[in-house]
Amino acid sequence: MTGQVRTVDGRVAGRRGQATRQKLLDCLSEMLSSSPYRDVKVIDVARKAGTSPATFYQYFPDVEGAVLEIADQMATEGAGLTDVLAERSWVGKAGWQAAQELVDGFLDFWRKNEAILRVVDLGAAEGDKRFYKLRMKILNSVTNSLTDTVKELQSKGKVDKDVSAAAMAGSLVAMLAAVASHQKGFQTWGVKQAELKPNLALLVHLGITGKKPTK
């Protein structure tokens with residue numbers, strides 16, 4: 001963890017305190033994987049972490065406060081999805097490779113963080129601005145990178161000038177997020193993971209370049 005970690009009353013937490021705080025977060029994350037968010041109680045988190053509710057309240061005002069901390073860490077990690085797009089060419093076979101890697105990154109990230117992302121989506125849907133901002137923190141970085149990619153291709157005459165770069169990028173990212181959060185649902189339609197990835201990458205490639213990929 002970087003920077004100073006403070007307790008609720010503003011004191012700087014020592015090494016043991018930071019370890020206890022992180023253990024509480026880890027236990028809460030694990031519980032969110034098997035229990036509805038609003039069913040998780042402070043006493044249950046504290047018990048799982050081998051400590052007391054009083055200790056929990058030293059570091060977090062309530063369960064929601066701890067959930068927001070986990071979500072913020074996850075959102076910071078999610079912003080790293082842009083690393084896949086850094087200085088990538090979308091011309092020829094390189095474009096197909098970039099589309100596939102972006103899809104892989106999205107699906108893997110959502111699968112890894114499924115429980116906390118479900119809570120973030122719920123909070124955002126209910127109008128909680130804190131969760132909405134965290135959700136947009138993840139999506140904005142990728143949307144901005146794809147917007148720049150489309151604009152660059154337009155400047156080189158490889159994409160029609162009539163295409164709105166921001167609208168195209170935003171639509172593709174919204175699609176990726178929706179599909180990533182619905183991965184298990186595809187199985188009920190008889191779609192295997194091995195089939196989902198290349199078809200999703202095809203849509204991304206078509207959206208960015210306007211062309212079928214060169215494989």
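- Across all non-hydrogen atoms, the minimal contact from Leu146 to Ala169 is CB-CB, 3.7 Å.
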Show which side-chain atoms of residues 172-182 pair as donor or acceptor with protein atoms under 3.5 Å away, not counting sequence neighbours.
unit_1	atom_1	unit_2	atom_2	d
Ser181	OG	Ala177	O	3.2
Ser181	OG	Ala178	O	2.9

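- Here Lys93 pairs with Thr214 under the side-chain contact (heavy atoms from CB on, under 4.5 Å) rule; sequence neighbours left out.
- The backbone N or O of Met136 lies less than 3.5 Å from a partner atom in the side chain of Asn140, making a donor-acceptor pair.
- For the atom pair CG of Leu107 and NZ of Lys197, the computed distance is 6.0 Å after rounding to the nearest 0.5 Å.
- Scored by the ring-ring contact (aromatic ring centres under 6.0 Å, His included) test, Trp110 finds Phe106 as partners (sequence neighbours excluded).
- Between Phe131 and Leu122 the shortest side-chain heavy-atom distance does not fall below 4.5 Å.
- The side-chain contact (heavy atoms from CB on, under 4.5 Å) check on Lys112 picks up Glu77, with sequence neighbours excluded.
- The side-chain contact (heavy atoms from CB on, under 4.5 Å) test with Leu134 singles out one residue from Asp72, Ile116, Val119, and that residue is Asp72.
- Using a 4.5 Å heavy-atom cutoff, the side chains of Phe60 and Leu25 are in contact.
- Judged as a side-chain contact (heavy atoms from CB on, under 4.5 Å), and not counting sequence neighbours, the contacts of Arg88 are Val84, Trp90, Gln97, Ala98, Glu101.
- Between the Ser35 side chain and the Leu32 main chain, no donor and acceptor come within less than 3.5 Å of each other.
- For the atom pair CG (Leu81) and CG (Leu102), the distance works out to 7.5 Å, reported to the nearest 0.5 Å.
- Evaluation of the side chain to side chain donor-acceptor pair (under 3.5 Å) rule for Gln193 yields Gln183 as partners, not counting sequence neighbours.
- Remark: Asp128 engages Arg130 in a side chain to side chain donor-acceptor pair (under 3.5 Å) (not counting sequence neighbours).
- By the side chain to side chain donor-acceptor pair (under 3.5 Å) test, Asp108 pairs with Arg111, sequence neighbours left out.
- Side-chain contact between Thr147 and Lys151: present, with at least one pair of heavy atoms (C-beta onward) separated by less than 4.5 Å.
- Of the possible donor and acceptor atoms, one in the side chain of Ser52 sits under 3.5 Å from a partner among the backbone N and O of Thr55.
- Taking Lys48 as the reference, Glu30 meet the side chain to side chain donor-acceptor pair (under 3.5 Å) condition, with sequence neighbours excluded.
- Side-chain atoms of Arg21 and Glu69, non-hydrogen and from C-beta on, do get closer than 4.5 Å to each other.
- Salt-bridge check for Arg47 with Asp44: passed, with a basic side-chain N closer than 4.0 Å to an acidic carboxylate O.
- For Ala46, the side-chain contact (heavy atoms from CB on, under 4.5 Å) partners at least two apart in sequence or on another chain are Thr51, Pro53.
- Evaluation of the side-chain hydrogen bond (donor to acceptor under 3.5 Å, both in side chains) test over residues 154-174, restricted to residues two or more places apart or in two chains, returns Glu152-Lys156.
- In Tyr37, the OH atom is crowded: over 12 heavy atoms of neighbouring residues, nucleotides or ligands sit closer than 6.0 Å.
- For the residue pair Asp26 / Gln22, a side-chain donor-acceptor distance below 3.5 Å is found, with atom types taken as modelled.
- Taking Asp62 as the reference, nothing meets the salt bridge (Lys or Arg N to Asp or Glu O under 4.0 Å) condition, with sequence neighbours excluded.
- You'll find the side chain of Phe186 stays beyond 4.5 Å of the side chain of Glu195, heavy atoms only.
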